[in-house]
Amino acid sequence: MAFSAQVKEELCRPHISRRCCAQAEAYGALLFCGAFHPRQARIVTECAGLKQRLPMLFRKAFKVSFDQLPQPGEGKGTFLIEDPAKLDAIFDAFDLDRDASVSLHINLALLEEEHCRTAFLRGAFLAGGSVTDPMKGYHLELSTSHYHVGRELPALLREAGFEPKETQRKGSRVVYFKQSHHIEDFLTWLGAPVSAMAVMNAKLERDLQGRVNRQVNCDSANLDKTVAAAREQLAAIERLRESGRLETLPDKLQEAAALRLENPELNLSQLGALCDPPVSKSALNHRMRKLMELAGGA
């Protein structure tokens, strides 16, 4: 199951206790669903939890039933209301005039209580929201075809302490989050703490994997440098030996050359530990530089 679907299933589990919250959640779902206008309310979903929740939600919120329900076993199902009396009940609950040809807005008077605002945003996400798998990236969005609703939603979110971003996509207003901690907080606030924890764990895992990759890359780069330096040192020592000058060098330089010839894979710290007595990386590096300088004039 996709992560977005998991989140929606979790959000559908809480019981609908207050009628005001049921109306707020239904309000959010309608403003962010497939269609909501004076002649029709249509919600399309493939979330099994939402398919079970919507009939109960609309009965509690408006005391109405859907004119059309998804067929059993149907993947993406449609909930439809076209009965004028039912639409009147819904529009009246939101203090809207069904006969007036006006653009829809968010009626903030219906969302004065925090629990109602939470319910509204939960309904909005269930009907028009999505979130990416946190192992692949961080992106949560709410999309609506109602222009004014899309412009008013960010203000509602900011009042709740969030900092969303906005954009326009194919005639819809999109409000979104791109940072993991914003998504964690938002999901927790909506009522999906398990999903929020999954985002947090995914971030920790991705950060850990990133640190491991950086360390591996660093170790690989250091190894490449060690190998390249060892090749240069071996080439210099070989030139000194071929010219007959290696045997004339001081004992310390001859020891360094012999150790490098015997241990071409070791770094300077490891090579220095084999000296008698052991010497530091800096001291052995000085000896190797001296050998290369001498080889340059060999």
In Å, rounded to the nearest 0.5 Å, how long is the span from [atom1] of [X] to [atom2] of [Y]?
{"X": "Cys20", "Y": "Glu113", "atom1": "SG", "atom2": "CD", "result": "7.5 Å"}
{"X": "Ser172", "Y": "Glu141", "atom1": "OG", "atom2": "CD", "result": "9.5 Å"}
{"X": "Leu140", "Y": "Ser195", "atom1": "CG", "atom2": "OG", "result": "10.5 Å"}
{"X": "Ile106", "Y": "His146", "atom1": "CD1", "atom2": "NE2", "result": "10.5 Å"}
{"X": "Leu266", "Y": "Leu259", "atom1": "CG", "atom2": "CG", "result": "9.0 Å"}
{"X": "Leu96", "Y": "Leu30", "atom1": "CG", "atom2": "CG", "result": "10.0 Å"}

If hydrophobic clusters are built from ILVMFWY residues whose side chains come within less than 4.5 Å, do [X] and [Y] share one?
{"X": "Leu104", "Y": "Tyr147", "value": "no"}
{"X": "Leu80", "Y": "Leu69", "value": "no"}
{"X": "Phe91", "Y": "Leu57", "value": "yes"}

Please name the pair of heavy atoms, one in [X] and one in [Y], separated by the smallest distance, quoted to 0.1 Å.
{"X": "Leu240", "Y": "Leu291", "answer": "CD1-O, 3.6 Å"}
{"X": "Ala192", "Y": "Val7", "answer": "CB-CG1, 4.4 Å"}
{"X": "Thr132", "Y": "Gly137", "answer": "OG1-O, 3.1 Å"}
{"X": "Ala26", "Y": "Ala61", "answer": "CB-CB, 4.4 Å"}
{"X": "Met288", "Y": "Ala256", "answer": "CE-O, 3.5 Å"}
{"X": "Pro264", "Y": "Leu234", "answer": "CB-CD1, 3.7 Å"}

Does the side chain of [X] reach to within under 4.5 Å of the side chain of [Y], using non-hydrogen atoms?
{"X": "Gln68", "Y": "Thr78", "result": "yes"}
{"X": "Val279", "Y": "Arg287", "result": "yes"}
{"X": "Pro193", "Y": "Glu10", "result": "yes"}
{"X": "Thr144", "Y": "Leu153", "result": "no"}
{"X": "Val175", "Y": "Lys165", "result": "no"}
{"X": "Gln23", "Y": "Arg19", "result": "yes"}
{"X": "Tyr138", "Y": "Val131", "result": "no"}
{"X": "Phe3", "Y": "Pro134", "result": "yes"}

Taking the six-membered ring for Trp, is the centroid-to-centroid distance between Tyr176 and His139 below 6.0 Å?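 Yes: the rings meet the under 6.0 Å criterion.
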Which residues pass the side-chain hydrogen bond (donor to acceptor under 3.5 Å, both in side chains) test with [X], not counting sequence neighbours?
{"X": "His181", "result": "none"}
{"X": "Glu152", "result": "His105"}
{"X": "Asn201", "result": "none"}
{"X": "Arg241", "result": "Glu238"}

Check for a donor-acceptor pair, side chain of Asp67 on one end and backbone N or O of Asp83 on the other, with a separation under 3.5 Å.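 Flag set: sc Asp67 to bb Asp83 pair under 3.5 Å.
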Check: Lys8 side chain, Gly129 main-chain N or O, donor-acceptor pair, under 3.5 Å: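 It does hold such a pair.
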Please lay out, stage by stage, how Ile237 and Leu261 fare under the test side-chain contact (heavy atoms from CB on, under 4.5 Å). CA-CA 8 Å; Ile237 293 168; Leu261 289 170; 3.8 Å; yes
side-chain hydrogen bond (donor to acceptor under 3.5 Å, both in side chains) contacts in which one or both residues fall within residues 253-280, not counting sequence neighbours: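 side-chain hydrogen bond (donor to acceptor under 3.5 Å, both in side chains) check on residues 253-280 returns Gln233-Arg260.
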Below 3.5 Å, can you tabulate the donor-acceptor pairs from side chains in residues 114-127 to any protein atom, sequence neighbours excluded?
| from | atom 1 | to | atom 2 | distance (Å) |
| --- | --- | --- | --- | --- |
| Glu114 | OE2 | Trp189 | NE1 | 3.2 |
| Arg117 | NH1 | Leu111 | O | 3.2 |
| Arg117 | NH1 | Glu112 | O | 2.8 |
| Thr118 | OG1 | Glu114 | O | 3.1 |
| Arg122 | NE | Glu25 | OE1 | 3.1 |
| Arg122 | NH1 | Leu190 | O | 3.2 |
| Arg122 | NH2 | Glu25 | OE1 | 3.1 |

Just do the side-chain contact (heavy atoms from CB on, under 4.5 Å) check on Leu253 and Lys290 with the steps written out, would you? CA-CA 8 Å; Leu253 293 183; Lys290 188 64 177 177; 3.8 Å; yes
Could you check whether atom NZ of Lys252 has more than 12 heavy atoms from other residues, nucleotides or ligands sitting under 6.0 Å from it?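 Counting other residues, nucleotides and ligands, NZ of Lys252 stays at 12 neighbours or fewer.
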Flag yes if more than 12 heavy atoms outside Lys86 fall under 6.0 Å of its NZ atom; otherwise flag no.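 Correct, the count exceeds 12.
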By ring-ring contact (aromatic ring centres under 6.0 Å, His included) - contacts of Phe79 (at least two apart):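 Counting only residues at least two positions away or on another chain, Phe79 forms a ring-ring contact (aromatic ring centres under 6.0 Å, His included) with Phe66.
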Please enumerate all residues that pass ring-ring contact (aromatic ring centres under 6.0 Å, His included) together with Phe94, with sequence neighbours excluded.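 With neighbours one apart ignored, the set is Tyr27, Phe62.
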Thinking salt bridges, do Arg158 and Glu166 make one under a 4.0 Å N-O criterion?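 Salt bridge present between Arg158 and Glu166.
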Tell me which donor-acceptor pairs under 3.5 Å the side chains of residues 33-46 have, and how far apart each pair is, sequence neighbours excluded?
| from | atom 1 | to | atom 2 | distance (Å) |
| --- | --- | --- | --- | --- |
| His37 | ND1 | Arg39 | N | 3.2 |
| His37 | ND1 | Gln40 | N | 3.4 |
| Gln40 | OE1 | Arg42 | NH1 | 2.6 |
| Gln40 | NE2 | Glu82 | OE2 | 2.8 |
| Thr45 | OG1 | Cys47 | N | 3.0 |

Hydrophobic clusters join Ile, Leu, Val, Met, Phe, Trp and Tyr when side-chain heavy atoms are under 4.5 Å apart, directly or via other members; which others share one with Met200?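 Met197, listed by chain and number.
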By side-chain contact (heavy atoms from CB on, under 4.5 Å) - contacts of Asp185 (at least two apart):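 Partners of Asp185 under the side-chain contact (heavy atoms from CB on, under 4.5 Å) test: Phe162.
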Verdict with supporting geometry, Leu157 and Phe186, side-chain contact (heavy atoms from CB on, under 4.5 Å): CA-CA 9 Å; Leu157 287 168; Phe186 185 66; 3.6 Å; yes
What residues, two or more places apart in sequence or in another chain, satisfy salt bridge (Lys or Arg N to Asp or Glu O under 4.0 Å) together with Lys203?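 With neighbours one apart ignored, the set is Asp207.
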Apply side-chain contact (heavy atoms from CB on, under 4.5 Å) to residues Cys275 and Leu284 and explain how you reach the verdict. CA-CA 9 Å; Cys275 291; Leu284 191 61; 4.2 Å; yes
